[in-house]
Structures are given as C-alpha cells and as structure tokens.
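For reference, the structure discussed in these notes is given below.
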Number of protein chains: 2
Amino acid sequence: MPRVSSDHLQARRRQILDGSRACFARHGYEGATVRRLEEATGLSRGAIFHHFKDKESLFLALAEDDAERMADVVAQQGLVQVMRDLLSDPQGREGAAPGADWLGTRLEVSRRLRTDAEFRSRWAQRSEQLTAATRERLKRQHRSGNLRDDVDVDVLTSYLELVLEGLVSHLAMGLPADDLDPVLDLVEESVRRHRSG
Amino acid sequence: MPRVSSDHLQARRRQILDGSRACFARHGYEGATVRRLEEATGLSRGAIFHHFKDKESLFLALAEDDAERMADVVAQQGLVQVMRDLLSDPQGREGAAPGADWLGTRLEVSRRLRTDAEFRSRWAQRSEQLTAATRERLKRQHRSGNLRDDVDVDVLTSYLELVLEGLVSHLAMGLPADDLDPVLDLVEESVRRHRSG
C-alpha cells in the first residue's frame with residue numbers, strides 16, 4: 001500500500017481551508033454547518049475531520065492561515081498596504097492580502113471575541129503574529145530612517161492596528177469606501193519621518 | 001382634568017430612553033424583549049409604546065439621542081475627546097460622551113447595519129449628524145489656524161471617524177486598551193498644524 005505523500009496531505013489541507021473560508025465568510029461560524037462545509041470543499045465530513053479535529057480547529061487554522069498571509073504582506077509592504085488591498089480589491093488576488101473572504105473570517109473572529117472568553121485566549125496567541133510582523137516592519141523602517149523617531153514603535157504599531165480595525169468595521173457595515181484612499185495616505189504619512197522643508 | 005405638561009412628557013421620555021439604553025446594551029436588540037424593557041424602565045408596555053411607536057423607533061430614538069450627545073461633545077471638544085472619554089471612563093459621566101451604554105448601542109447599530117438594508121437607510125440620516133459636527137469643529141479649528149491645511153477637511157473628518165470605528169471595535173472585543181492614550185495623542189497631532197521648529 002503506497003504511503004500518502006506529504007505533498008498530497010498539504011494539498012488536501014489547502015483544499016479544505018480554501019473551500020471552508022468562503023463558507024464561513026458567507027454563513028458565519030454557526031451557519032457553516034458540516035453539510036455546507038462538505039459542499040464548499042467537495043469532500044466528505046470524514047475527510048475534513050481527518051485533517052482538522054473539529055469545526056473550531058478548522059476555523060482557527062483558517063484564521064491562522066489568514067494571519068500568516070497578512071503577516072507576509074506586512075513584512076514586504078507594511079500594514080497600510082494590507083488596508084489598501086482591502087480597499088482596492090475586496091476579492092483578493094494572488095500575492096495580495098486576502099480580501100473579502102478574509103474580511104468574513106475577521107468579522108467572525110471579532111464576533112466570537114466579544115462573546116466567547118475561551119476563544120479569546122486561543123486567539124490571542126495567533127493574533128500576536130500580525131502585531132509582531134507589523135512591529136518588525138516598522139523597526140526596519142526605523143533603522144533605514146523612514147520612520148518618525150519621536151513616537152515609540154509600539155505606539156505606531158497599535159495605531160496602525162486600530163486604523164485597520166476601523167477599516168474592517170467600516171467595510172463590514174457596507175459604508176461607502178471610495179473616499180478612503182486619501183485617508184490611508186494620511187495614516188501612512190503620519191508614521192513617516194517628517195523631513196523639515 | 002389637568003393637561004399633562006410638556007415637562008412631564010419630556011421627563012417620561014427621558015426615563016424610557018435611559019432605562020432602555022442599558023437594556024439594549026446588555027441584551028442586544030433582539031434580546032431586549034418588551035418584558036425586559038418594562039423591567040428596565042419601570043414602566044408598562046402601554047406607557048412605553050405611548051411614547052415610541054415600536055421597538056425599532058425606540059432604538060432609533062436612542063441612537064439619535066446618543067448621536068446628539070456625542071455631537072455636543074464634538075462641537076465643544078472634538079472627536080478625539082469623545083475617544084478619550086470612551087477610554088478613560090467607559091461608564092460615562094455627566095457632560096462627557098456616553099460611555100459603555102453608548103458602546104452597546106453603537107455595536108448594535110453596527111451589527112444591524114451589516115444585516116439590515118432598511119435599517120441602513122434609516123440610520124444614514126441620523127449618523128450624518130455626528131459627521132457634520134466633526135466637520136464643523138474641524139472647520140473652526142482650521143479658521144483659527146490650529147488645523148493642518150495641506151489635507152482637506154473632509155479627509156480629516158473621515159480619518160477621525162475611521163479611528164473612532166476602530167476604537168469601538170477594539171473595546172467591544174475586550175482587547176487591552178491601557179496602551180491607547182499615546183495612540184490618541186498621535187491621532188490628534190496628525191490633524192493639527194505642524195509648526196516648523
């Protein structure tokens with residue numbers, strides 16, 4: 001009997017994550033029933049829960065996956081770019097921050113953080129990743145002299161995260177977002193070094 | 001038979017708004033049943049719905065009342081002060097922006113905006129009030145030379161509203177807020193005129 005290759009396992013895992021992401025985004029955590037997850041992934045419940053212990057583990061893996069992809073974009077291009085991607089292309093694209101589906105996961109995370117203390121502690125470890133990527137990026141910017149140096153890097157990190165939180169909430173409420181590009185310019189400029197002219 | 005005085009009507013209306021605010025904040029819109037609203041206000045359903053057509057109208061009056069109180073604080077002290085009040089005294093106090101209860105109403109508004117298109121259009125007219133107060137305040141600051149003049153007042157208004165949205169979301173998720181004071185300093189400073197020194 002041939003051993004299942006690691007590549008195959010990875011591909012299957014990816015298939016489940018991608019399918020269930022859209023499902024959670026569309027139906028919310030509670031509404032993403034096992035039947036709907038089967039439809040969305042094209043796999044049986046047996047196959048799905050062979051890879052993930054339960055629905056909660058699947059959802060956390062998804063949120064973790066999103067956080068990793070965002071951390072990559074942050075490391076390369078900064079948190080403001082993540083926000084710009086959200087604004088300009090809510091469907092998401094290759095190499096960009098995750099778009100609408102990510103927004104769905106993120107909102108579901110927000111909702112569960114408000115209502116579920118155990119989830120809050122499980123999530124805390126995972127969300128730290130994005131904060132760390134943001135802080136690292138800002139430190140690099142600082143070393144290369146692009147960052148303002150009169151405000152602590154931790155304050156700048158919290159500032160950018162707060163604006164991202166506002167943007168997520170804004171988009172989630174379906175409020176008009178076509179006037180937000182200059183707002184993000186302002187956000188970006190306010191963490192940069194001001195060269196006296 | 002003596003006529004019911006206008007003062008009395010106003011006081012009764014205030015009693016209903018104050019009682020039901022805590023009730024909506026605690027139980028959410030759906031969970032704030034008529035029985036709970038009776039308990040929270042100390043009045044019968046007959047008395048409550050004499051003053052407000054139905055639960056939706058009561059909730060909108062409440063949201064409108066909060067928006068008015070916030071607009072007053074904004075006019076006097078600016079939107080950043082509203083945020084500082086939220087941070088420093090989530091219980092709210094006389095003359096300050098509404099605190100925790102306001103947060104509850106606001107979250108409920110956010111949730112319904114996401115899920116209820118009709119509510120979205122009824123709300124749009126009311127939320128405009130806070131935006132207008134913020135814009136007016138910024139224009140006055142601009143005239144007195146305290147505001148940066150390289151960015152449009154509308155952009156600064158959207159910026160401050162986006163940060164407020166992020167703060168509401170942050171607090172609602174129960175995330176630590178004790179490090180946010182310097183973040184609000186940064187926000188305030190980033191709309192001010194930079195005097196070259």
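So you know, we letter chains A, B, ... as the sequences are listed, proteins then strands, and number each from 1. Below, all heavy atoms of this structure are taken into account, side chains as well, without hydrogens, waters or symmetry copies.
Both the backbone and the side chain of A/L162 come within contact range of chain B, with heavy atoms under 4.5 Å apart. Interface remark: A/E189 contributes side-chain atoms only to the contact with chain B (heavy atom separation under 4.5 Å).
Interface summary for chain A: among B/R148, B/H170, B/E161, the most heavy-atom pairs under 4.5 angstrom belong to B/R148. Ranked by heavy-atom pairs under 4.5 Å with chain A, the first of B/L184, B/L186, B/V163, B/L156 is B/L186.
Panel note: side chain A/S44, backbone A/A47; a donor-acceptor pair is recorded below 3.5 Å.
Taking a 6.0 Å sphere around CD of A/E128, one finds it holds more than 12 heavy atoms contributed by other residues, nucleotides or ligands.
One finds no salt bridge joining A/E136 and A/R140 here, because no Lys/Arg side-chain nitrogen approaches an Asp/Glu carboxylate oxygen to under 4.0 Å.
For the 3.5 Å distance criterion, the side chains of A/Q15 and A/R12 qualify, holding a donor opposite an acceptor.
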